[in-house]
Amino acid sequence: MTMLCEALTNDFIALAPLALVATDYKAKGYHLDITLAPAQVVAAAAIMNGRGYTLEAVTGVDWLTAAAPKPAKKAALAEGEEAPAEEPAAPVAEQMEVVYDYSHTGKELCRVVVRCRIPRDNPELPTVSEVFPGANWHERETHDFFGIRFLGHPDLSPLLLPEDADFHPLLKDFKA
Amino acid sequence: MNDLASSQNQETFVLNLGPQHPATHGVLRVKLTMDGEYIKHAEPVLGYIHRMHEKMGENRTWAQFMPNTGRLDYLGALSYNHGYAQVVERAAGIEVPERAEYIRVITVELNRIASHLLWYGAFVLDLGGFTPLLYAFDDREHILDLLESVTGSRLTFCYFRFGGVYNDIDDDFITGTRAFIKRMRSRLPDYHNLVTKNIIMIKRLKEVGPISAEMCRRYGATGPVLRGSGVCYDVRKNEPYSVYPELDFDIPVYHECDSMARYMVRMDEIEQSLRIVEQGLDKLPEGPVMAEKAPKIIKPPVGDYYAAVEAARGTFGIRVVSDGTNTPYRLKLRSPTFSNLSLYGEACQGMLLADALALMGSLDLVIPEIDR
């Protein structure tokens, strides 16, 4: 684990994440996998901004038809930390996930994934576009595809879909 | 007097640039609020060539999505092949033979040169110089012929497979590539003499369209745009993949942050890519070009996986979620020019329209990759 990863781990433990996993980069393609409550994504973005990170992408996942729930991850927490709280008890199928990919353009390599679960029937969470203006388009795109509402976003009108689009094609129950 | 001054300020008008406009290189539309010749506000309007590749990915097997990756950035398609092959190989745990990785790097770098050459021609054309386009297309043609002989296509490549490449390269390809390297090296000085030192070019690009490193960071801009802003970041060096660590090449960085800096980065990258191709040919090992144990039907274990590659325009990231079946559950394509263009509205505020078009050209936009 690089020094940057360790520093970030400490930063995020202060936020009391739902889960914080140091992943195997070779197998997964990223180093830290952090699950937060939806209200915490802006605080997370502020931490990443403070560490000089850039927001690579924001996207969603609809878990409606997942064949199997996500595997329980073996928490490889920093020493002396308590096991993270269990994920919210709601069934996976009724949730959507919002995923933020962060990368650092400095010498140290530490890719960070921040994710949070939101209920499928009321998909809302705060926008991070005030911290990273680049999130503006990514969040608009995620709203296009999933109907996820980013509260406080300056303009959630369709970005890639037609301007009068009232459908969200990446929802698993979308019928053309 | 005050009335006159305030009424002057109100005399703005909306100018619609595109979606059919030669300077937007495809179907990009920019809604400009103009104050005379100066831009007060610019808002890119996207989606004219949106095809929902990510949904297509959920409706076909892992292997069947490979041709789609060639249709995002159609000028540098092999990098996208590479990114997708890499993330699936990572997910499914497939080892790629060394020879295949060398062939991948050689072809990807040739493709990068072709992409930069087309950008060079089109960019100078935007600025009013017609002749360089003909030089660039002449050289690019050689690369397309070489790539056609081994991949079977000239533009929308689908050459990589999970575990290797579709076709081995032959002696003709190697001889032809070596001849091309020699030719290209003798042509590059012409390019610089013809264009780089041209006084009109310098006046149009120097200190025009500043993009700071901090702006790049806030918007997630990568590639030559970031390196023209003085940040030495290249996925091939910072997050080494494939056989890049075994090859000796430099990352061109310019600190001026202007359109000229971005131009110079790409011109230098052509040289560096030639070096990579040359070394790749020298070091090319013998052996198979497909992993023997690569499964016919891919069913990656449940989980999500990420891979990033350095495409011609910046970091192409791809995130896949597998539910253990033979089709991707979710496939996210993070394309570089989507983020690079997102800073355009802020960067061109207060600029002359003609300068803003030079700035747009220096971002090297490929619209199908933005709209996906």
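By convention in this document, chain letters (A, B, ...) are assigned in the order of the sequence lines, proteins followed by strands, and residues within each chain are numbered from 1.
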**OP:** Report the option among B/Tyr241, B/Tyr48, B/Tyr233 that has the most heavy-atom pairs separated by less than 4.5 Å from atoms of chain A.
**Re:** B/Tyr233
Original post:
How long is the span from the CH2 atom in A/Trp63 to the CG atom in B/Asp323, to the nearest 0.5 Å?
Top reply: 8.0 Å
**OP:** For each of A/Lys172, A/His104, A/Glu108, A/Lys26, tally heavy-atom pairs with chain B at distances under 4.5 Å, and name the one with the top tally.
**Re:** A/Lys172
**OP:** Pull out the residues in residues 122-136 of chain A that come under 4.5 Å of chain B, heavy atom to heavy atom, sorted by number.
**Re:** A/Phe132, A/Pro133, A/Gly134
**OP:** Please name the pair of heavy atoms, one in B/Met52 and one in A/Pro169, separated by the smallest distance, quoted to 0.1 Å.
**Re:** SD-CG, 3.6 Å
Original post:
Residues two or more places apart in sequence or in another chain: which of them pass ring-ring contact (aromatic ring centres under 6.0 Å, His included) with A/Phe145?
Top reply: B/His50
Subject >> Choice from A/Leu109, A/Val99, A/Leu55, A/Val61 maximising heavy atom contacts with chain B below 4.5 Å >> reply: A/Leu109
**OP:** Below 4.5 Å from any heavy atom of chain A, which atoms of B/Glu58 appear? Answer side chain, backbone, both or neither.
**Re:** side chain
**OP:** Kindly write out the residues that satisfy ring-ring contact (aromatic ring centres under 6.0 Å, His included) with B/Phe249, not counting sequence neighbours, or none if the list is empty.
**Re:** B/Tyr244
Subject >> Pairs of heavy atoms under 4.5 Å with chain A: top-ranked of B/Arg218, B/Arg217, B/Glu346, B/Met215 >> reply: B/Arg217
Original post:
Picking from B/Val45, B/Thr315, B/Leu341, which has the most non-hydrogen pairs under 4.5 angstrom with chain A?
Top reply: B/Leu341
**OP:** Check each atom of A/His138 against the heavy atoms of chain B and say whether the ones under 4.5 Å are side chain, backbone, both or neither.
**Re:** both
Original post:
Hey, are B/Arg334 and A/Asp101 close enough for a salt bridge, meaning a charged N less than 4.0 Å from a carboxylate O?
Top reply: no
**OP:** Identify the two heavy atoms, one from A/Asp62 and one from B/Tyr329, that lie closest to each other, and give their separation to 0.1 Å.
**Re:** O-OH, 2.5 Å
Subject >> Residues of residues 155-164 of chain A with any heavy atom under 4.5 Å of a heavy atom in chain B >> reply: A/Leu159, A/Leu160, A/Leu161
Original post:
Does A/Lys28 reach the main-chain N or O of B/Tyr306 with its side chain, forming a donor-acceptor pair under 3.5 Å?
Top reply: no
Original post:
How close do A/Arg111 and B/Ala308 get, heavy atom to heavy atom, and via which atoms?
Top reply: NH2-CB, 3.3 Å
Subject >> Region of B/Ile49 in contact with chain A, defined by heavy-atom distances below 4.5 Å >> reply: neither
**OP:** May I ask you to decide whether A/Glu56 forms a salt bridge with B/Lys332, counting only side-chain N to carboxylate O separations under 4.0 Å?
**Re:** no
**OP:** Enter the distance from A/Tyr30:OH to B/Arg319:CZ here, rounded to the nearest 0.5 Å.
**Re:** 6.0 Å
Original post:
Using non-hydrogen atoms only, which part of A/Glu141 is less than 4.5 Å away from chain B: side chain, backbone, both, or neither?
Top reply: side chain
Original post:
Take atom CG in A/Leu151; do more than 12 heavy atoms of anything else shown fall under 6.0 Å from it?
Top reply: yes
**OP:** Tell me, for B/Thr222 versus chain A, whether the close heavy atoms (under 4.5 Å) come from the side chain, the backbone, both or neither.
**Re:** neither
Original post:
Salt bridge or not for B/Arg330 and A/Glu97, using N-O below 4.0 Å?
Top reply: no
